[in-house]
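Atoms within a ligand are numbered from 1 in the order they appear, just like the ligands themselves. We count residues from 1, following the sequence as given.
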Amino acid sequence: MKFAGVDLSEPRIMGVINVSPESFYKGSVRNDEEKLIETAVKMVKDGASFIDIGAKSTAPYLETQIPVEEEVKRAVWAVKAIRDHVDVPISIDTTNARVAEEALKAGADIVNDVTGLKGDPRMAEIAKDHGAPVIVCAHGEVRNLSDPVHTVMDLLKESLVIAEKYGIEEIAIDPAIGFLRPEWPPWYEWDSRVLANLNVLKTFGRPILVGVSRKSFIGAITGRKDPAERLAGSLSATAIAVFNGAHIIRTHDVRETLDTVKMAAFIKRFRP
Ligand SMILES: Nc1nc2c(c(=O)[nH]1)N=C(COP(=O)(O)OP(=O)(O)O)CN2
Ligand SMILES: Nc1ccc(C(=O)O)cc1
């Protein structure tokens, strides 16, 4: 299996860089060009196979609204800055079709839409026009609260229908860890149930991308309030995601995550 030209026979790492000061993990934020390039180059050197650029936080528990012009400006600046310094595909993490379009024109390769093509009605068309592979997150009303992973599957199927309608073929699916927050069960249990049953998503026959890095469910389970203290929790959740079939791990910590992924993938080979 491949995604954006990257061979997924071994699990791969997507390094996250945010150019959004409001992002929940301040250690992921770069707003200086030299530091931005240095971080991207180091991530690739450390083993990242993709770089994801976020220009607006999508944390469901933060005040994150900024004007779309500001998101476009940040995204284009970041993509242009790193494009000639890294030789891996760059994804643009946005729910806005204009941001996606401008970032793709600036040199990004992949659209990463946490609304799974359901937010901006022009998103699928923009991705198709640019021939860009798409990452779709499970997004929408949460139904069937007793069965999180099948709810995630239903939400992903809706995104695949939209993608199919526009003729987009290269799609990675993402269970949207941290995004789906029903009143019950508590989101940290929801996320844990999804990760424990992630193998079910294999039936889609598509690349599975998972982002657990420093997220709030880890804070809730470990008691670590500060995202800066959630590395160990993130690595543990990463190992489980890989053991249960994740192909791409989206992370703020490339070096540590790559070792974790290698261990989980190696041990997984001997599963009966
Ligand atoms: N496909 C995908 N995209 C994502 C995911 C994720 O799990 N999957 N998580 C995010 C949260 O991390 P980030 O550091 O970007 O936080 P922010 O939204 O506060 O910038 C943002 N984007
Ligand atoms: N965009 C997101 C950022 C953070 C979280 C989380 O901490 O659970 C979820 C989504």
Checking side chain to side chain contact (heavy atoms under 4.5 Å, CB included) for the pair Ile51/Met43: CA distance, chi angles, key distance, verdict? CA-CA 8 Å; Ile51 297 288; Met43 282 182 165; 3.7 Å; yes

Quick test of your reading of the model: are Lys42 and Asp46 salt-bridged, counting only N-O distances below 4.0 Å? yes

Once you round to the nearest 0.5 Å, how far does CD1 of Ile53 lie from CZ of Arg83? 10.0 Å

Point-to-point distance, once rounded to the nearest 0.5 Å, from CD1 of Ile221 to OG of Ser192: 3.5 Å

Note: Asp7-Arg12 ion pair, threshold 4.0 Å (strictly below): yes

Table of N or O contacts for ligand 2, cutoff 3.5 Å:
| residue | atom | partner | partner atom | Å |
| --- | --- | --- | --- | --- |
| ligand 2 | 1 (N) | Thr58 | O | 3.4 |
| ligand 2 | 1 (N) | Thr58 | OG1 | 3.0 |
| ligand 2 | 1 (N) | Ala59 | N | 3.2 |
| ligand 2 | 7 (O) | Tyr61 | OH | 2.8 |
| ligand 2 | 7 (O) | Ser216 | N | 2.8 |
| ligand 2 | 7 (O) | Ser216 | OG | 3.2 |
| ligand 2 | 8 (O) | Arg181 | NH2 | 3.0 |
| ligand 2 | 8 (O) | Ser216 | N | 3.3 |
| ligand 2 | 8 (O) | Ser216 | OG | 2.7 |

Please determine whether a side-chain nitrogen of the Lys or Arg among Glu38 and Lys35 lies less than 4.0 Å from a carboxylate oxygen of the Asp or Glu. no

Taking the six-membered ring for Trp, are Phe50 and Phe3 parallel (under 30°), tilted (30 to 60°) or perpendicular (over 60°)? tilted

Is the charged tip of Arg271 near the ring of Phe243: under 6.0 Å from the six-membered ring centre and within 45° of its axis? yes

Between ligand 1 and the protein, tabulate every N or O atom pair separated by less than 3.5 Å, reporting distance only.
| residue | atom | partner | partner atom | Å |
| --- | --- | --- | --- | --- |
| ligand 1 | 1 (N) | Asn112 | OD1 | 2.8 |
| ligand 1 | 1 (N) | Asp174 | OD2 | 2.8 |
| ligand 1 | 3 (N) | Asn112 | ND2 | 3.1 |
| ligand 1 | 7 (O) | Gly211 | O | 3.4 |
| ligand 1 | 7 (O) | Lys215 | NZ | 2.7 |
| ligand 1 | 8 (N) | Asp174 | OD2 | 2.6 |
| ligand 1 | 9 (N) | Lys215 | NZ | 2.9 |
| ligand 1 | 9 (N) | Arg250 | NH1 | 3.3 |
| ligand 1 | 12 (O) | Arg250 | NH1 | 3.1 |
| ligand 1 | 14 (O) | Asn18 | ND2 | 3.0 |
| ligand 1 | 14 (O) | His252 | NE2 | 2.7 |
| ligand 1 | 15 (O) | Asn18 | OD1 | 3.4 |
| ligand 1 | 15 (O) | Arg250 | NH2 | 2.9 |
| ligand 1 | 18 (O) | Ser57 | OG | 3.3 |
| ligand 1 | 18 (O) | Thr58 | N | 2.8 |
| ligand 1 | 18 (O) | Thr58 | OG1 | 3.3 |
| ligand 1 | 19 (O) | Phe24 | N | 3.0 |
| ligand 1 | 19 (O) | Ser57 | OG | 2.6 |
| ligand 1 | 20 (O) | Ser23 | OG | 2.5 |
| ligand 1 | 22 (N) | Asp93 | OD2 | 2.8 |
| ligand 1 | 22 (N) | Arg250 | NH2 | 3.2 |

Are Glu69 and Arg98 within salt-bridge range, i.e. N to O under 4.0 Å? yes

